[in-house]
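Because only heavy atoms are used, hydrogens play no part in the values below, and waters and symmetry mates are left out as well, while side chains stay in. Sequence positions, counted from 1, serve as the residue numbers for this chain. Keep in mind that this is a model prediction, so the values were computed, not measured.
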Amino acid sequence: MNEQKIIQVEHLKYEYPQSEGHLALNDLSVSINPGEWVAIIGHNGSGKSTFAKSLNGLLDLQSGSVTIDGLPLSLDNVWTIRQKVGMVFQNPDNQFVGATVEDDVAFGLENQGIPRAEMIERVKDAVERAGMSEYLKREPSRLSGGQKQRVALAGIIAQQPEILILDEATSMLDPKGREEVLATIHKLKQETNMTVLSITHDIDEAASADRIIILDKGQVHDQGTPADIFAYGQRLLDLGLDVPYPEKLKAALNERAIEMPTDYLTTERMVEYLWTLHSKM
């Protein structure tokens, strides 16, 4: 028996007002397995964020269907689905409602009517998982960018969703903040086997996914493992996308008549290959 997809999107179409006939989503169909980490990449305007917002009812579906964990998205069950799908957005300041980190993480649980004793335990656990225990009494607005994003993440963790959507969640962070947030999410996924959907421009973030889906003009242009996708090289650049530094280096060395492997190389594998090549010279 085939495993039920935790996210099943079929023939989605969406057009923003005053878009003059331009479809943000154009007959888009996507399926995602439970426990999978999928990165959605594409140039600006390719439909990435529109797709993310269609998964929990932030946008009204104009055509097509969304099914989350076997439950069709509709007005009758949109709140049930929102308990299954947590979203962390680009700017964490837009998500803060509490005067302290503790209050902010508890806010969603209070709205769900979670009993106080359970709420206290879930807040404590979520803040620990996000590495923010020492900041419980701090004002979220006074934290660094990476710390703010980890507080926003803790608020989602406390609600125990089955799916975590990162909508450009690391794009406003410096390298250190980005590394901290991604490390937190990787640890969380290992512990809970949560399904993660990452909408991103960050190639390094996409490289850590199980699968990459490229969107273009509101449609799936291609999909595959990071190794499959990054091996496209120039084809990604033609789509307005970046490629990892090892692939850029490989292309530059090829132009200098230095033979390089055709498969995708991570930074570690590139260093190993170049060291081996140097030792033979």
Side-chain angles (χ1 to χ4, degrees), residues 5-33 36-69 72-75 78 81-82 84-91 94-95 156 161 163-172 185 195-226 228-230 232 234-244:
K5 306 297 184 182
I6 196 164
I7 299 175
Q8 186 72 54
V9 170
E10 296 183 345
H11 307 297
L12 275 194
K13 290 186 179 181
Y14 189 84
E15 180 181 347
Y16 287 101
Q18 301 176 331
S19 65
E20 299 180 351
H22 172 73
L23 290 174
L25 299 177
N26 187 5
D27 199 31
L28 178 67
S29 295
V30 169
S31 62
I32 294 173
N33 299 315
E36 192 175 20
W37 184 315
V38 177
I40 309 292
I41 65 174
H43 58 80
N44 289 334
S46 61
K48 303 187 304 299
S49 288
T50 305
F51 168 62
K53 291 171 184 174
S54 72
L55 296 179
N56 66 350
L58 290 179
L59 293 176
D60 291 332
L61 302 181
Q62 296 171 342
S63 179
S65 65
V66 171
T67 304
I68 303 296
D69 196 23
L73 177 60
S74 68
L75 288 175
V78 65
I81 283 178
R82 285 178 181 172
K84 294 176 175 288
V85 182
M87 293 190 70
V88 179
F89 296 97
Q90 184 179 57
N91 189 346
N94 294 337
Q95 293 181 254
I156 300 300
I163 300 165
L164 175 64
I165 298 179
L166 309 170
D167 189 4
E168 302 283 5
T170 64
S171 64
M172 295 180 66
I185 296 167
T195 302
V196 178
L197 190 61
S198 172
I199 314 298
T200 183
H201 279 96
D202 182 12
I203 291 301
D204 292 329
E205 182 176 332
S208 65
D210 301 314
R211 179 162 54 110
I212 294 175
I213 297 175
I214 302 174
L215 294 190
D216 184 43
K217 298 177 182 178
Q219 298 176 321
V220 175
H221 182 276
D222 212 337
Q223 59 182 306
T225 65
D228 293 336
I229 298 300
F230 293 145
Y232 293 167
Q234 185 59 45
R235 287 169 57 189
L236 289 179
L237 297 176
D238 292 342
L239 286 168
L241 301 173
D242 200 1
V243 294

- Task: Can you see which heavy atom on Ile40 is nearest to which on Lys48, and at what distance?
- Result: O-CD, 3.6 Å

- Message: How close do Leu58 and Arg82 get, counting heavy atoms only, and between which atoms?
- Response: N-NH2, 3.9 Å

- Message: Working to the nearest 0.5 angstrom, can you tell me the gap between Asn26 CG and Ser63 OG?
- Response: 10.0 Å

- Query: Would a distance-only check, ignoring hydrogens and angles, find a side-chain to backbone donor-acceptor pair under 3.5 Å from Ser31 to Gln8?
  - Reply: no

- Does the side-chain contact (heavy atoms from CB on, under 4.5 Å) test come out yes or no for Leu197 and Thr195, once each step is laid out? CA-CA 7 Å; Leu197 190 61; Thr195 302; 6.0 Å; no

- Query: Nearest heavy-atom pair of Pro226 and Ala207: which atoms, and what distance?
  - Reply: CG-O, 3.6 Å

- Query: Between Ile212 and Phe230, is any pair of side-chain heavy atoms under 4.5 Å apart?
  - Reply: yes

- Gly64 backbone acceptor or donor facing Glu10 side chain under 3.5 Å: no

- Message: Show the nearest heavy-atom pair for residues Leu73 and Ser54, with the distance to one decimal.
- Response: CD2-O, 3.3 Å

- Roughly how far, to the nearest 0.5 Å, is CD1 of Ile199 from CZ of Phe51? 6.5 Å

- Task: Apply side-chain hydrogen bond (donor to acceptor under 3.5 Å, both in side chains) to Asn33 and Lys5, showing your working.
- Result: CA-CA 5 Å; Asn33 299 315; Lys5 306 297 184 182; 2.6 Å; yes

- Do side-chain atoms of Asp210 reach the backbone of Val38 as a donor and acceptor pair under 3.5 angstrom? no

- Heavy atoms only: give me the nearest Leu55-Ile81 pair and the separation to one decimal. O-CG2, 3.8 Å

- Message: So for atom CG, which belongs to Asp238, do other residues, nucleotides or ligands contribute more than 12 heavy atoms lying within a distance under 6.0 Å?
- Response: yes

- Rounded distance (nearest 0.5 Å) linking atom CG of Leu25 with atom OG of Ser46: 9.5 Å

- Take Val85 and Ile165 through the test side-chain contact (heavy atoms from CB on, under 4.5 Å) and record every step on the way to the result. CA-CA 7 Å; Val85 182; Ile165 298 179; 3.5 Å; yes

- Can you find a pair of side-chain heavy atoms, one from Met172 and one from Asn91, that are under 4.5 Å apart? yes

- Task: For Lys13 and Asp27, work out which heavy atoms get closest and say how close.
- Result: CG-N, 3.4 Å

- Query: Gln223 side chain to Arg211 main-chain N or O, any donor-acceptor pair under 3.5 Å?
  - Reply: no

- Query: Could you state the interatomic distance from CG (Leu23) to CD (Gln62), rounded to the nearest 0.5 Å?
  - Reply: 8.0 Å

- Query: Looking at side-chain heavy atoms only, is the closest gap between Val88 and Ile185 below 4.5 Å?
  - Reply: no

- Query: Nearest 0.5 Å, what's the OG-CD distance between Ser49 and Glu168?
  - Reply: 5.5 Å

- Flag side-chain contact, heavy atom, 4.5 Å: Asp222 against Arg235: yes

- Message: Using side-chain contact (heavy atoms from CB on, under 4.5 Å), reason through Tyr16 and Leu59 one step at a time and then give a plain yes or no.
- Response: CA-CA 10 Å; Tyr16 287 101; Leu59 293 176; 3.8 Å; yes

- Task: Kindly indicate whether the side chain of Leu215, heavy atoms from C-beta on, has any atom under 4.5 Å from the side chain of His221.
- Result: no

- Nearest 0.5 Å please: distance from the CE atom of Met87 over to the CD1 atom of Ile163. 11.0 Å

- Task: Mind running side-chain contact (heavy atoms from CB on, under 4.5 Å) on Leu236 and Ile229 for me, showing each step along the way?
- Result: CA-CA 8 Å; Leu236 289 179; Ile229 298 300; 4.0 Å; yes

- Is Glu36 close to Ile6 at the side-chain level, that is, under 4.5 Å between some pair of heavy atoms? no

- Query: Any side-chain heavy atom of Ile41 sitting closer than 4.5 Å to one from Leu239?
  - Reply: no

- Sub-4.5 Å side-chain heavy-atom contact between His43 and Asp216: yes

